[in-house]
Chemist: 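Here it is: the structure, laid out below.
Both ligands and their constituent atoms are indexed starting at 1 by order of listing.
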Amino acid sequence: MKIAIIGGGAAGFFAAIQCQKVFPEYQVFLFEKTHKPLAKVRVSGGGRCNVTHQCKYVSELIKHYPRGGKRLKSVFSTFGVQDTIQWFNEKGVQLKTESDGRMFPISDDSKSIIDALWKGVKDVGVKVVLGQKVIKILPQKPGFELWANESLGVFDKLILATGGQGKKENYQWLRQLGISIKDPVPSLFTFNIREPKLNALMGIATKGMVKIPGISNVEKGDILITHWGLSGPVILRLSAWLAKELAKKKYHFNVLINWLPEIQQDQIKPLLAQNAHKKLKNNNVFELPNRLWYYLIQNTNIDLDHRWINLSKSSKNKLSNALSQDTYEVKGKTTFKEEFVTCGGVSLDQINLKTMESLVYPGLYFAGELLDIDGVTGGFNFQAAWSTGFIAGSLGERIEDK
Ligand SMILES: Cc1cc2nc3c(=O)[nH]c(=O)nc-3n(C[C@H](O)[C@H](O)[C@H](O)COP(=O)(O)OP(=O)(O)OC[C@H]3O[C@@H](n4cnc5c(N)ncnc54)[C@H](O)[C@@H]3O)c2cc1C
């Protein structure tokens, strides 16, 4: 039997290693269009590679996938976080967990992961073919003929792991086969806000509640003010969950921030009134970062040296609103350099998620970000690549049988 895996990224390598391990008698080929496979692994997590996320239960893990969600239950039950940790351990890579649950190699260097994956393909004898871009798949009876510049031959089974594609046109070769594709849009990005006074607060990290009126519910978490707008976990989470809605709005929408997520709105004025005779600049009762506190006061046209007791009713209302309903116009997005992914791709409707096999073409399997699966930031996207790669590479065999 000849098996072809197309795409030398995280999912493709994982699938190839598993396939050759489970079926040592097969010839397993891994085709990669560039001469630099695993390029994303190399740059991932700021060069440290956030391999996975410490999530004890599958029921918890699936909550981090805006696309995929509950449907990934069987995928992660077959190969989950603990399996990933063990897999890398067996290849000599220990993972460590950071306080927010993200897991990295203890070396803090993505090279450890790349070396482990290369060792994996070499140990089992996968034939890695670089510089071959597969442009056409011709289904045969049986098997699939692959074409790059010339025919690469006929393969009995095929695993597609070509990753997320920014452009709709890049899925055309799959659409031509009748594979259903959800249109791609970016996920995991930060919000552009052109407000020089806000931008001047760059570097401030604080807790907040963020809402996109008319689109989202309130999300609570860490916000980072940048020189171009807003970033931080809560913003990235919104960008992922609302990837499609925000694309429809062409990334032009309003965002509402409550800088006091732990305080009821009707408590704001009474709390400020407790120190009514203090200068406002010294009345930071909410313990906001000082620069942010000063900015919010001045942005409502109140002098820092004024006291709560002397403010007009309207000024009091304005300050209270600035603290709890600060509104900005977002115009555009910026790619989050640490991690960005594609929302959309091969529809899960046509796939048996127990095997990752196409329901349309028996013998054709899918893995990784090519699928309409994506997670929020934190190691979830690689986890999906490892899990789907492992299952696809098993070619429908019950793993425990092997
Ligand atoms: C900057 C950055 C940082 C990231 N950091 C993290 C992180 O720390 N943690 C995390 O969980 N996720 C992270 N991600 C997301 C993660 O990298 C991806 O979800 C993951 O790499 C997907 O793996 P994949 O194998 O499906 O696709 P890819 O890694 O994109 O690999 C696909 C491969 O297929 C090849 N290919 C494509 N078309 C063809 C073709 N026609 N013929 C032959 N070869 C082809 C490509 O050249 C590529 O090598 C990051 C993403 C980026 C962009």
Chemist: Not counting sequence neighbours, which residues clear ring pair (Phe, Tyr, Trp, His ring centres under 6.0 Å) with Tyr361? List them please.
Modeler: none
Chemist: Do you see a donor-acceptor pair shorter than 3.5 Å between the side chains of Gln86 and Glu90?
Modeler: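 Yes, Glu90 and Gln86 have a side-chain donor paired with an acceptor closer than 3.5 Å.
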Chemist: Begin from the C-alpha positions of Arg48 and Glu338 and carry the test salt bridge (charged side-chain N to carboxylate O under 4.0 Å, His left out) through to its verdict.
Modeler: CA-CA 10 Å; Arg48 295 199 297 143; Glu338 289 278 297; over 6 Å; no
Chemist: So Tyr65 and Phe380, would you call those rings parallel, tilted or perpendicular, with 30° and 60° as cut-offs?
Modeler: perpendicular
Chemist: Under the rule for side chain to side chain contact (heavy atoms under 4.5 Å, CB included), what residues qualify as partners of Thr84, not counting sequence neighbours?
Modeler: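 Result, side chain to side chain contact (heavy atoms under 4.5 Å, CB included) vs Thr84: Val51, Thr52, Phe79, Phe88, Gln383, Trp386.
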Chemist: Compile the protein residues with any heavy atom at a distance under 4.0 Å from an atom of ligand 1; present them by chain, then by number.
Modeler: Ile6, Gly7, Gly8, Gly9, Ala10, Ala11, Phe31, Glu32, Lys33, Thr34, Lys40, Val43, Ser44, Gly45, Asn50, Gln132, Lys133, Val134, Ala161, Thr162, Gly163, Lys337, Glu338, Glu339, Phe340, Val341, Gly368, Glu369, Gly379, Phe380, Asn381, Phe382
Chemist: Please set out all donor-acceptor pairs under 3.5 angstrom arising from side-chain atoms of residues 128-138, sequence neighbours excluded.
Modeler:
none

